[in-house]
Amino acid sequence: MQKNQGQGAIGDGTRAEGVQSFFLKKGTLRPPCIWRAEGIYMWDHLGNKYIDASSGPVAVNIGHGNKNVIKAMNEQAEKVSFAFPLLFESEANITFSEQLTKLTGPEYNRAMIMSSGSEVIETCMKFARIHAIRSGESDRHIFISRNPSFHGCTLGAQSLIGDVFMRDPYAPIMMSYPQISTPMMYRVPDNMTAEQHSDNCAQELEDEIIKQGPEKVLAFFMEPICGLSGGAAYAPDSYYKKIRQICTKYGILLVCDEVLTGSGRTGKYLASQHWPELNPDIIALSKGLGSGYFPISAMLTSQDMAEVVADTGGFPHAQTFTGSPLACATGNAVIREIIDNDLVGNSDRMGVILRKELRKLQETCPIIGDVRGKGLLIGLEIVADQSTKKMLPNEINSPTAVAEIGIKHGLMLYPRRTGGGKYGEWLIIAPPLIITEEEVMDLVDKIAVTLKEFTTGLIEQNII
Ligand SMILES: Cc1ncc(COP(=O)(O)O)c(C=O)c1O
């Protein structure tokens with residue numbers, strides 16, 4: 001880390017400070033200053049090379065420095081970079097919606113384009129509400145979501161998240177909605193099968209609907225496979241079937257937050273496609289949609305649902321960048337890369353290899369508790385003891401400690417402990433979907449040396 005602090009420490013008084021100054025204590029060394037990025041690699045201003053093992057915050061699905069996307073963005077910017085959709089139609093916007101349908105299926109042929117993941121979650125909340133009003137069900141206004149979960153940082157989206165650490169400070173200034181347990185399958189309660197545990201979690205949804213009053217509940221929000229907050233955890237098939245049945249039984253909209261899991265990340269274009277019976281009513285996409293080249297997000301729904309709203313006064317909801325031609329042209333170019341290079345298939349194939357190699361590593365590395373996920377969304381859970389699943393002492397903050405060691409070994413890792421570690425501690429391993437088998441091996445080698453150094457330190461300090 002020392003080597004990368006070329007611009008000094010935060011708050012040394014020598015200059016104005018940017019984003020880092022809101023996150024890091026005064027005097028903390030800065031993270032590497034990134035100068036260039038290409039494919040799965042990034043270089044800092046001193047020439048050190050890193051593997052981007054998490055695609056940033058699981059966003060850069062097609063990898064860095066893609067020339068086709070940059071060219072398409074330039075061409076669009078020269079033609080028309082801005083046209084407001086309430087006043088003008090834009091070709092990029094129409095093409096984007098058509099392209100997206102090729103991957104999501106015709107049942108999601110209406111796309112509302114926004115900029116960020118948080119904004120699109122807010123859009124889903126508001127669309128669900130306006131749809132209920134226009135369908136004659138204006139009593140419906142309660143959202144139910146899961147814990148742990150993450151849905152964004154704006155106040156509406158934040159009111160859905162299951163993470164006390166991120167949510168509690170803002171609780172007095174936002175709405176409070178009920179939550180049910182996310183099935184975290186690494187820690188199934190004793191004397192229960194995986195199916196029984198996840199069935200109980202799904203049953204919590206029905207119980208909560210009855211408690212709130214079925215006529216008042218509007219929508220259920222879930223990440224089909226957990227993202228950062230649940231470390232790529234997912235449930236047995238029966239869970240998804242039961243969730244759909246409960247939503248249908250009570251006329252509640254099922255919203256899948258695929259901001260992180262969409263765009264090919266899990267080996268299908270949508271993670272919900274792993275469970276066709278889930279059949280969400282509304283889907284939120286972002287991150288990989290623009291792959292970090294430009295902010296873009298999309299709320300997808302059916303023609304029927306969109307028409308209910310459009311034909312009864314329209315959707316009173318838009319922002320300056322809604323349907324931005326530049327965002328849509330970027331999204332179009334990203335989708336072309338995904339289709340032309342079969343990145344969804346590559347995510348599936350490389351994910352299988354990467355999980356197999358990490359599980360091999362688990363046999364010799366005592367602190368790898370679990371390796372889970374689908375496609376190239378992998379959670380690597382860190383524990384003090386594989387057999388008891390006991391966590392390392394809280395004050396070590398092990399995911400962050402491992403990530404700091406990773407930097408020395410040319411590895412950018414994303415550390416996470418939701419709710420201050422209440423559900424476990426993990427690293428998100430989610431490299432760009434363009435990764436090759438050779439690069440997978442390079443990634444595994446770097447993870448191995450990083451974990452070895454961390455484990456050796458724990459042994460030397462008699463912690464494990
Ligand atoms: C599942 C999920 N939903 C929503 C969001 C919010 O997206 P954004 O950071 O673009 O606002 C995130 C961000 O990490 C996410 O992981």
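Note that ligands are numbered from 1 as they come in the structure, with each ligand's atoms numbered from 1 the same way.
Between Glu223 and ligand 1, no N or O atom pair is found at a separation short of 3.5 Å. Of the polar atoms of Gly117, at least one N or O is found under 3.5 Å from an N or O of ligand 1, judged by distance alone. The distance criterion of under 3.5 Å between nitrogen or oxygen atoms is not met by Ser286 with respect to ligand 1.
Residue Glu119 places every heavy atom at 4.0 Å or more from ligand 1.
Closest protein heavy atom to atom 11 (O) of ligand 1: Ser118 OG, 2.6 Å. Looking at atom 14 (O) of ligand 1, its nearest protein heavy atom turns out to be Lys287 NZ, 2.9 Å. For atom 15 (C) of ligand 1, the closest heavy atom belonging to the protein is Phe150 CD2, 3.7 Å. Counting only heavy atoms of the protein, atom 3 (N) of ligand 1 lies nearest to Asp257 OD2, 2.7 Å.
Within a 6.0 Å sphere centred on NZ of Lys389, heavy atoms belonging to other residues, nucleotides or ligands number more than 12. Other residues, nucleotides and ligands contribute at most 12 non-hydrogen atoms within 6.0 Å of the CD atom of Glu91. Within a 6.0 Å sphere centred on CZ of Phe88, heavy atoms belonging to other residues, nucleotides or ligands number 12 at most.
Ser286 and Ser116 get closest at one heavy-atom pair: OG-C, 3.7 Å.
The structure places CD of Glu439 at 12.0 Å from CG of Leu354, a figure rounded to the nearest 0.5 Å.
In this structure, Lys241 does not pair ionically with Glu277, as no charged nitrogen and carboxylate oxygen lie closer than 4.0 Å.
Between Phe220 and Phe143, the ring centre distance reaches or exceeds 6.0 Å.
Taking a cut-off of under 4.0 Å to the non-hydrogen atoms of Leu260, the atoms of ligand 1 that pass are 16 (O). Near Val259, the atoms of ligand 1 lying under 4.0 angstrom from a non-hydrogen atom of the residue are 2 (C), 3 (N), 4 (C), 5 (C), 7 (O), 12 (C), 15 (C).
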